[in-house]
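Please read the structure below before turning to the comments.
Hydrogens, waters and symmetry mates play no part in the numbers below; they use all other heavy atoms, side chains included.
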Amino acid sequence: MQARFITVEGIEGVGKSTQMAFIQTWLETRGVRVETTREPGGTPLAEQIRDVLLAPRSENMPENAELLMMFAARAVHIQNRILPALAQSRWVLCDRFTDATYAYQGAGRGMDMAGIQLLEQQVQGDLRPHLTLLLDAPVELGLARAGKRGPADRFEQETVQFFERVRQGYLRLAKAEPARIKVVRAEGSISQVQDEITRVLEQAWETWHQGEAL
Ligand code: TMP
């Protein structure tokens with residue numbers, strides 16, 4: 001089957017890391033070679049940009065600098081890792097991608113969506129995820145879980161209201177693109193969430209097989 005690009009999204013603390021590992025195993029069990037990666041980051045240079053983006057600092061980080069660095073890291077990641085993997089028939093499973101930019105910089109920070117769209121076009125060309133799993137849970141639950149993970153990074157220091165805007169931004173994206181973005185309710189137990197993810201993966205797998213059999 002043609003290599004696919006799958007992304008996982010959601011606010012902090014919704015269980016993305018645990019479920020990424022589950023999705024990877026699910027795919028590998030079906031004989032797929034999977035490259036697991038994340039944004040911002042995924043290559044040595046892009047991880048350096050990630051460190052700059054996430055480190056709390058006293059100097060103000062202007063919103064447009066944050067946005068441009070997200071896309072700078074993404075450009076490096078796409079050219080040096082995502083496209084080469086797909087070209088070699090390896091599937092790419094990525095923890096966050098451009099939907100996060102629409103949700104965090106767009107909905108969260110209130111930046112102009114059209115400006116983000118221009119950068120998306122410039123940096124990605126036609127590259128878009130084939131499937132996105134949006135893990136959705138109430139903000140209080142996510143932040144309580146994320147708070148147990150050690151010192152807060154620059155984003156984790158944001159307010160509940162910021163994350164509420166991010167969550168709603170994600171849900172609006174899912175409404176606008178229901179064929180690609182599948183909302184998974186993430187407040188239940190790990191195994192309940194995995195059951196929902198399995199249903200989404202089975203359906204996508206079936207659709208991709210049918211598409212290639214035509
Ligand atoms: P995480 O991957 O460990 O959750 O941390 C990455 C942080 O970066 C997270 O708070 C979301 C944020 N982010 C953006 O604001 N915009 C983006 O485009 C991406 C990929 C991440």
Side-chain angles (χ1 to χ4, degrees), residues 6-27 34 36-42 46-47 49-57 61 63 66-67 69-70 73-74 77 92-111 116 129 131-175 177 180-201:
I6 301 173
T7 59
V8 180
E9 298 279 359
I11 58 167
E12 350 291 282
V14 289
K16 278 188 295 108
S17 309
T18 309
Q19 304 303 352
M20 285 275 296
F22 176 77
I23 296 167
Q24 177 170 3
T25 305
W26 193 95
L27 292 168
V34 187
T36 302
T37 184
R38 69 172 178 183
E39 288 215 348
E47 289 287 332
I49 302 173
R50 176 191 177 89
D51 291 343
V52 172
L53 278 161
L54 265 54
R57 64 186 72 246
M61 168 85 78
E63 288 171 355
E66 179 179 285
L67 175 67
M69 273 193 261
M70 287 294 175
R74 185 160 297 138
H77 190 211
V92 175
L93 175 60
C94 191
D95 184 341
R96 300 189 186 281
F97 195 62
T98 308
D99 294 311
T101 313
Y102 284 107
Y104 283 77
Q105 282 66 51
R109 302 261 190 249
M111 296 195 73
I116 298 175
L131 172 68
T132 298
L133 292 108
L134 170 56
L135 305 188
D136 180 63
V139 169
E140 310 82 64
L141 183 74
L143 292 186
R145 284 188 195 156
K148 295 189 185 129
R149 291 196 298 225
D153 66 33
R154 207 171 52 79
F155 287 96
E156 289 165 347
Q157 293 178 348
E158 283 295 338
T159 59
V160 171
Q161 290 79 358
F162 173 84
F163 288 107
E164 198 55 63
R165 291 196 296 277
V166 173
R167 180 186 184 200
Q168 296 309 323
Y170 268 135
L171 291 172
R172 278 196 299 277
L173 292 172
K175 250 200 175 140
E177 273 191 81
R180 173 177 69 86
I181 306 179
K182 304 295 181 191
V183 181
V184 172
R185 288 182 47 239
E187 66 251 61
S189 68
I190 290 178
S191 71
Q192 280 172 332
V193 179
Q194 286 172 348
D195 286 346
E196 260 202 67
I197 290 177
T198 302
R199 276 197 292 280
V200 170
L201 291 174

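Taking CE of Met70 as the reference point, atom CD1 of Ile116 lies at 11.0 Å (rounded to 0.5 Å). Here the CD-CG distance, from Gln19 to Leu133, works out to 9.5 Å after rounding to the nearest 0.5 Å. Between Leu93 atom CG and Leu27 atom CG the span is 6.5 Å, to the nearest 0.5 Å. A distance of 12.0 Å separates CD1 of Ile190 from CG of Asp195, quoted to the nearest 0.5 Å. If you take CD on Gln194 and OG1 on Thr25, they are separated by 9.0 Å, rounding to the nearest 0.5 Å. Note: Glu39 CD to Asp99 CG = 10.5 Å, rounded to the nearest 0.5 Å.
Asp95 has its side chain out of reach of Thr37: every pair of non-hydrogen atoms, C-beta onward, lies at least 4.5 Å apart.
What you find for Arg57 and Asp51 is that their closest heavy atoms are NH2-O, 4.5 Å. Residue Val193 comes nearest to Gly188 through the heavy atom pair CG2-O, 4.0 Å, listed as atom of the first residue, atom of the second, then distance. In plain terms, the two heavy atoms of Ala174 and Leu134 that are nearest each other are CB-CD2, 4.1 Å. Taking all atoms of both residues into account, the shortest heavy-atom contact from His77 to Gly41 is CG-O, 3.3 Å. Considering every non-hydrogen atom in both Ala152 and Pro56, the closest pair reads O-CG, 3.8 Å. Nearest heavy atoms, Ala107 versus Arg172: CB-NH2, 4.0 Å.
Every side chain to side chain contact (heavy atoms under 4.5 Å, CB included) that Arg50 has, sequence neighbours left out, goes to Arg38, Pro40, Glu47, Leu54. Under the side chain to side chain contact (heavy atoms under 4.5 Å, CB included) criterion, Glu66 pairs with Leu53, Met61, Gln105, Arg109, Arg154, Phe155, not counting sequence neighbours. The side chain to side chain contact (heavy atoms under 4.5 Å, CB included) check on Lys182 picks up Leu131, Val200, with sequence neighbours excluded. Under the rule for a ring pair (Phe, Tyr, Trp, His ring centres under 6.0 Å), Tyr170 has no partner lying at least two apart in sequence or in another chain. Applying the side chain to side chain donor-acceptor pair (under 3.5 Å) test to Thr36 and every residue at least two apart in sequence or in another chain returns Gln24. Among residues two or more places apart in sequence or in another chain, the side chain to side chain donor-acceptor pair (under 3.5 Å) test is passed with Thr132 by Thr7, Arg180. Listed by chain and number, the residues in a side chain to side chain contact (heavy atoms under 4.5 Å, CB included) with Ser189 are Ser191, Gln192 (sequence neighbours excluded). By the side chain to side chain donor-acceptor pair (under 3.5 Å) test, Asp153 is found to be paired with no residue, residues two or more places apart in sequence or in another chain being considered. Residues passing the side chain to side chain donor-acceptor pair (under 3.5 Å) test with Thr101 are Arg74, sequence neighbours excluded.
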Trace of the salt bridge (charged side-chain N to carboxylate O under 4.0 Å, His left out) decision for Asp136 with Arg167: CA-CA 8 Å; Asp136 180 63; Arg167 180 186 184 200; 2.8 Å; yes

Trace of the salt bridge (charged side-chain N to carboxylate O under 4.0 Å, His left out) decision for Arg149 with Glu156: CA-CA 11 Å; Arg149 291 196 298 225; Glu156 289 165 347; 3.5 Å; yes

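Arg96 and Tyr104 share a side-chain donor-acceptor pair at under 3.5 Å.
Remark: side-chain polar atoms of Glu9 are paired, donor with acceptor, to backbone N or O of Phe97 under 3.5 angstrom.
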Could you give the side-chain donor-acceptor pairs of residues 137-146 under 3.5 Å, partners two or more places apart or in another chain?
residue, atom, partner, partner atom, Å
Arg145, NH1, Gly13, O, 3.1

